[in-house]
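In the text below, chain A, chain B and the rest are named by the order of the sequence lines, each starting its count at 1. Only this structure's heavy atoms are used, side chains among them; waters, hydrogens and symmetry mates stay out.
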Amino acid sequence: MAQEMKPVRVRFAPSPTGYLHLGSARTALYDYLIARKTKGQFILRIEDTDRKRLVEGAEQEMMDNLHWLGMDWDEGPDVGGPYEPYRQSDRKQIYQEYGEKLVEMGCAYYCFCTPERLAKVREEKQKKKEPPHYDRTCRSIPLEEARERIAAGEPYVLRFKTPLEGTTVVKDLLRGEITFENKTLDDYILIKSDGWALYHLAAAVDDHLMKITHVVRSSEWLPTSPLHSLIHQAFGWEEPIWVHLSVLLKPSGKGKMSKREAAELSSEGHSIFIKDMANLGYLPEAVVNWVALMGWSYDDHTEFFTMQDLIEKFSLEKLNPSPAAINFSKLDHFNKLHIKALSDVKLAERLQPYYESAGIHAELPLLEKLAPIIKERIITLDEAVEMTRFFFTEKAAYTTERILMNGCSSEETITCGELVLSALNELEDWSIENLDLVVRGLMEKAGKNPRQFLGFIREAISGQKITPPLFESMEILGKVVVLQRLKDALEFIKASF
RNA sequence: GCCCCCAUCGUCUAGCGGCCUAGGACGUGGCCCUCUCAAGGCCAAAACAGGGGUUCGAGUCCCCUUGGGGGCACCA
C-alpha cells in the first residue's frame, strides 16, 4: 500500500507567452495529481514579469486548456486565494523589497554595466573558450557609491553575489544530490533595469511566500537550480523539494520540439498544443492518459487511466528522469480506448459538435443509436462524421464503378437489386436479425458471396466505401430510406450502363 | 568551450543483486475471424551502448569511455 503523503502545495507557473503545449500540460498534470492525491493545494501562478513577451489572450487560453483537460485549481488569479495576488505583474513591489533585502544582507549588488558592455564581455569570453559569464566588474563597487549613482539616475540591474568558492548542492527528488562548483556559476541578474524581477528572484520569493512545498518543473531549470537554492539559503528559507521533470523530445527522439517542427506536425494531423486537440478529434481523457505516461509509469501492465485512477495511483517517486520521445500513435491508441469506454449517451454528446462544425445538424437520439456501431471503428471523434455521412444526406452519392456488384454485369446487379428490393418491401419486422436472415437468404438463392451481395447493398444505401456494419445501418436508416436508396441505385445503374 | 542531466526492444517502459532463457504497451509483420472498415483472438521479429571493477552472483552498485539531451539572456 502506498504510504500517505502529507498535503502538498504545488504551483503551475506558466508565462503567458504562447499556447499550452504537451510539456507544460504534463507539468501541470503532475502538479494537479499530487495535489489532489495528498488533498493538498494546486495553485496557478502567472509568471508575466517579462512585459515584452506577453501574448494577448494567452493567459485565458491557457486556463481554458487546463480546464478542458479536466484540471481546476484551488488558488489562482481567477479564483483568488490566501496569498494573492497570483499574477507576478501585480507583485513587482514585493520582488523589489526582497531584492533590497539581499543587498542589505550582502548577497546582491547593483551593476551599472550597459548591455553593450555585457555583450562585449560575453564575446571575448567565448573567444577565449571560457564560460560566457559576467566579469563581475561592479561586484566591487562600494554600496554607498552605488546608491549615489542610482540616486543620480544611472540605470542599473541587481545581481546575485554568487559565492566564488565552494559548492552548491541541489537535492532533486528524482536524481539525488547534484553538486555544482560555485566558480562555474554566474552572478545572475535578479532585477532588470526596468525594475521587473527575473524568474529566479520572483519564483523564489513567491514559492516561499505561497508556502510551496514541491517545485515540479522542466529539467531545463536544472542548470540554474543552484541559484534558486542559493537565494532560498540567503534568506534563510527552507527550500521546497525540487522535482525536475525529464524533457519531452520530438517523435524522432532527437532533440527538443522546435517551433518549426511543431508547425510541420499539423500537416500530419498532429499537434503539441492542447488547444488543437479537440479539433483533431481527441478526447481530453485520452490526452491526459497519454501525457501522464510520458515519464511516469505505474506498474508493468496497467496503462489505461482515468483522471480518478491517476489521482489515486500517481506518485512522484515513479517519475522517470530520462528524456521521453513524443509518440503520437500511442495517443491514437488511448483515444480509441477512451472512446470505447464512453457510454453511448456520452459519446453522442461528444460527437455532436463535430457534426455541427461539418454543417450537419445531428439529433442526439440518432447519434446515440449510431454510437455503438461506430465506437469501435473510429480513432478520432471527427472520423465519425465521414463514416456516418450517408445517414444525414438526402441521397447516397454513387460513383460509377463501385455500384456494380463485384465481378458482375449491370444486368446481374439489377436482377439481384430488384430481388432485394421486393423482398425488403414485404418485410414487416425491420430488425437487424430479420434483415440479416432475409438478405442472406436472398444472397444464397442468387448464388453470390457476401462480398458481392452485401457489398452492393452497402454501396446502394450509403454510396460509401467505409461504413458501419450493414444490417445495423439499415435498421437505423429505416425501411423507407433503404427502399428509396435501393431504387435510386437501380435507376442509376440503368441510366449509366 | 564550460556546466549539468540521462542511458533496457524503433518508441514509452517494468526491473530498485539471485524470481530475467529480461516482462508489458504502442507500432510493425503473419495467421484466424469477417458484409466494407474496425474490433477481437493467436503468433512472430525486436533491447540491457562498450570496457573495467565490487560480489558466490550484476540489466540492477561503483568508475571510465561512448552516445543522447539540456543549459550558459536585462526569456521563462
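Comparing B:A39, B:A7, B:G1 by their closest approach to the side chain of A:Glu376 singles out B:A39. Out of B:C4, B:C3, B:C6, the shortest distance to the side chain of A:Ile178 is found at B:C4. Of the listed nucleotides (B:C74, B:U11, B:A38), B:U11 has the atom at the smallest distance from the side chain of A:Ala325. Residue A:Ser329 has its side chain nearest to B:G27 when only B:U13, B:G27, B:C6 are considered. Here the nucleotide nearest the side chain of A:Leu198, chosen from B:G69, B:G40, B:C74, is B:C74. You'll find that the side chain of A:Glu303 is closest to B:A25, out of B:A25, B:U36, B:A7.
Counting any heavy atom pair closer than 4.0 Å across all strands shown, A:Pro226 reaches no nucleic acid atom. No contact: A:Phe334 has no heavy atom under 4.0 Å from any strand. Nucleic acid contact class of A:Trp196 (heavy atoms, under 4.0 Å, all strands): none. Using a 4.0 Å heavy-atom criterion, one finds that A:Lys125 contacts no nucleic acid atom at all. At a threshold of 4.0 angstrom between heavy atoms, the contacts of A:Asn320 are confined to the sugar-phosphate backbone, with no base atom among them. Looking at heavy-atom distances under 4.0 Å, A:His133 makes contact with sugar-phosphate atoms alone, never a base. If you check every strand for non-hydrogen atoms under 4.0 Å, A:Val157 touches a base. Using a 4.0 Å heavy-atom cutoff across all strands shown, A:Leu293 reaches sugar-phosphate atoms only and no base atom. When heavy atoms are screened at a 4.0 angstrom cut-off, A:Pro14 is found touching no nucleic acid atom at all. A:Pro132 comes within 4.0 angstrom of a base, heavy atoms only. Nucleic acid contact class of A:Thr467 (heavy atoms, under 4.0 Å, all strands): base. Among the atoms of the strands shown, base atoms are found under 4.0 Å from some heavy atom of A:Arg440. Here A:Lys127 lies out of heavy-atom contact (under 4.0 Å) with every strand. At the heavy-atom level, A:Asn327 lies under 4.0 Å from base atoms of the strands shown.
The two residues A:Leu118 and A:Cys113 have their closest heavy-atom pair at CD1-CB, 3.5 Å.
For the residue pair A:Arg175 / A:His244, no side-chain donor-acceptor distance below 3.5 Å is found, with atom types taken as modelled. There is no side-chain donor-acceptor pair under 3.5 Å between A:Thr167 and A:Glu181. Looking only at atom types and distance, the side chain of A:Ser329 has no donor-acceptor partner in the side chain of A:Asp332 under 3.5 Å away. Using modelled atom types, one finds a donor on one side chain and an acceptor on the other under 3.5 Å when comparing A:Arg117 with A:Thr137.
The separation of B:U21 from B:C48, taken at their C1' atoms, amounts to 14 Å, rounded to a whole angstrom. Comparing the P positions of B:U54 and B:G15 gives a spacing of 28 Å, expressed to the nearest Å. With P as the reference atom, B:G23 and B:C16 are 14 Å apart, rounded to whole Å. The same atom, P, is picked in B:C61 and in B:C19; the two are 16 Å apart, to the nearest Å.
Contact between the side-chain N/O atoms of A:Lys330 and the OP1/OP2 oxygens of B:G24 is not found at any separation under 4.0 Å. In this model, the phosphate group of B:C72 is not approached by any side-chain N or O of A:Lys129 to a distance below 4.0 Å at OP1 or OP2. Phosphate proximity of B:A14 to A:Ser297: present, with a side-chain N or O under 4.0 Å from OP1 or OP2. Contact check, A:Lys128 against B:C2: no side-chain N or O comes under 4.0 Å of OP1 or OP2. The shortest distance between the side-chain N/O atoms of A:Lys336 and the OP1/OP2 oxygens of B:A38 is not below 4.0 Å. In this model, the phosphate group of B:A76 is approached by a side-chain N or O of A:Thr49 to a distance below 4.0 Å at OP1 or OP2.
With a 6.0 Å cutoff to the six-membered ring centre and a 45° limit on the axis angle, A:Lys275 counts as a cation-pi contact of A:Tyr19. With a 6.0 Å cutoff to the six-membered ring centre and a 45° limit on the axis angle, A:Arg149 counts as a cation-pi contact of A:Phe112.
Comparing A:Tyr199 and A:Pro450 by the nucleotide of RNA chain B that holds the closest heavy atom to each, the one mapping nearer the 5' end is A:Pro450.
At whole-Å resolution of the value, CE in A:Met474 and P in B:U36 are 16 Å apart.
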